[in-house]
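Here the structure comes first, spelled out in structure tokens, and everything after it is commentary.
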Amino acid sequence: MVLNTTADLVAGLKRAGLKLTPQRLAIAECLAGDGTHPTAQELHQRLTERFPSMSMATVYNTLSALTRTAGCRELDLGGATRFDPNVTPHDHAVCERCGAIRDVELSPGYDATAGEQCPLPGFRVERIERVYRGLCAQCAKAA
Ligand code: ZN
Ligand code: MN
């Protein structure tokens, strides 16, 4: 599992043509290396102490530029969109008790884009993403 670093995200912001303001840099730093799949709201909450004037629009615009330039990817698991600095193909395991979202590596050699059929006639598969739902190891032990 490789999470994009601050340098990767900063490069993405530059490719998107955005000026590297202190607020955008802080958003990039906050998301880089973060494997918890935060929402825009969560990132905003983490940063308002340092940047009381930071708007949600700034967070959304920055995340949108990062998504366009493959600095991160959007993750839709139901509820608010989450942001993932791991842009390599992988699946997710969601704990229904504590809400933790963990990366699940694809087995070696597994190609998430090929060789799989969709039962819908004529549907061309480009990507398959799995979501495992249940209890994480810690919650399963406590249950
Ligand atoms: Zn859990
Ligand atoms: Mn992930």
Side-chain angles (χ1 to χ4, degrees), residues 1-52 54-120 123-143:
M1 275 302 135
V2 183
L3 303 181
N4 274 340
T5 63
T6 301
D8 296 324
L9 299 193
V10 165
L13 290 177
K14 284 187 183 151
R15 277 202 305 283
L18 291 188
K19 225 182 101 196
L20 191 63
T21 62
Q23 294 201 359
R24 288 184 185 134
L25 175 61
I27 294 165
E29 282 172 344
C30 206
L31 181 61
D34 182 338
T36 67
H37 308 88
T39 63
Q41 193 86 48
E42 283 166 359
L43 290 169
H44 183 256
Q45 271 163 15
R46 286 184 214 166
L47 290 165
T48 41
E49 200 173 311
R50 252 175 85 200
F51 298 97
M54 187 183 283
S55 67
M56 276 305 296
T58 298
V59 179
Y60 282 126
N61 294 341
T62 305
L63 290 171
S64 148
L66 288 172
T67 304
R68 283 199 309 277
T69 56
C72 68
R73 70 157 165 154
E74 290 186 0
L75 187 59
D76 184 5
L77 297 173
T81 301
R82 296 178 173 280
F83 295 87
D84 191 344
N86 180 357
V87 295
T88 60
H90 63 282
D91 293 326
H92 292 95
V94 181
C95 177
E96 296 190 314
R97 178 180 279 211
C98 73
I101 301 164
R102 296 278 310 279
D103 283 348
V104 180
E105 269 188 87
L106 304 177
S107 13
Y110 175 77
D111 184 346
T113 63
E116 303 252 5
Q117 297 287 317
C118 174
L120 270 187
F123 190 91
R124 191 179 71 194
V125 177
E126 293 187 339
R127 188 171 66 250
I128 296 168
E129 300 170 343
R130 289 188 176 82
V131 180
Y132 300 83
R133 295 190 185 270
L135 298 180
C136 72
Q138 249 181 331
C139 290
K141 220 181 279 173

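Keep in mind the model is a prediction, meaning the values are calculated, not measured. Counting convention: from 1, in listed order, for ligands and their atoms alike.
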What protein N/O/S atoms lie closer than 2.8 Å to the Mn ion (ligand 2)?
->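 Near the Mn ion (ligand 2), the protein supplies His37 NE2, Asp84 OD2, His90 NE2, His92 NE2, Asp103 OD1.
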Would you please test Asp34 and Leu3 for side chain to side chain contact (heavy atoms under 4.5 Å, CB included) and show each step?
-> CA-CA 7 Å; Asp34 182 338; Leu3 303 181; over 6 Å; no
In this structure, are over 12 heavy atoms from other groups packed under 6.0 Å from Arg102 atom CZ?
->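 No, CZ of Arg102 has 12 or fewer neighbouring heavy atoms, counting only those of other groups under 6.0 Å.
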Which ring pair (Phe, Tyr, Trp, His ring centres under 6.0 Å) pairs, counting each pair once, include a residue from residues 63-83, with sequence neighbours left out?
->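 Residue pairs passing ring pair (Phe, Tyr, Trp, His ring centres under 6.0 Å), neighbours aside: none found.
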His92 vs Asp84, side chain to side chain contact (heavy atoms under 4.5 Å, CB included): CA-CA, chis, key distance, verdict | CA-CA 11 Å; His92 292 95; Asp84 191 344; 3.1 Å; yes
Distance (rounded to the nearest 0.5 Å) between His90 NE2 and Leu106 CG |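 His90 NE2 to Leu106 CG: 8.5 Å, rounded to 0.5 Å.
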Keeping waters out of it, list the protein N, O or S atoms under 2.8 Å from the Zn ion (ligand 1).
->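 Atoms qualifying: Cys95 SG, Cys98 SG, Cys136 SG, Cys139 SG.
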Please step through side chain to side chain contact (heavy atoms under 4.5 Å, CB included) for the pair Thr58 and Thr21, ending with a clear verdict.
-> CA-CA 11 Å; Thr58 298; Thr21 62; 5.9 Å; no
Non-hydrogen side-chain atoms of Thr67 and Cys72 separated by less than 4.5 Å |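 Touching, per the 4.5 Å side-chain cut-off.
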Would a 4.5 Å heavy-atom cut-off, applied to side chains only, mark Arg97 and Gln138 as touching?
->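 Of all side-chain heavy-atom pairs linking Gln138 with Arg97, none is under 4.5 Å.
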Identify, with sequence neighbours excluded, every residue that meets side-chain contact (heavy atoms from CB on, under 4.5 Å) alongside Ala7.
->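 Partners of Ala7 by the side-chain contact (heavy atoms from CB on, under 4.5 Å) criterion, ordered by chain and then number, come out as Thr5.
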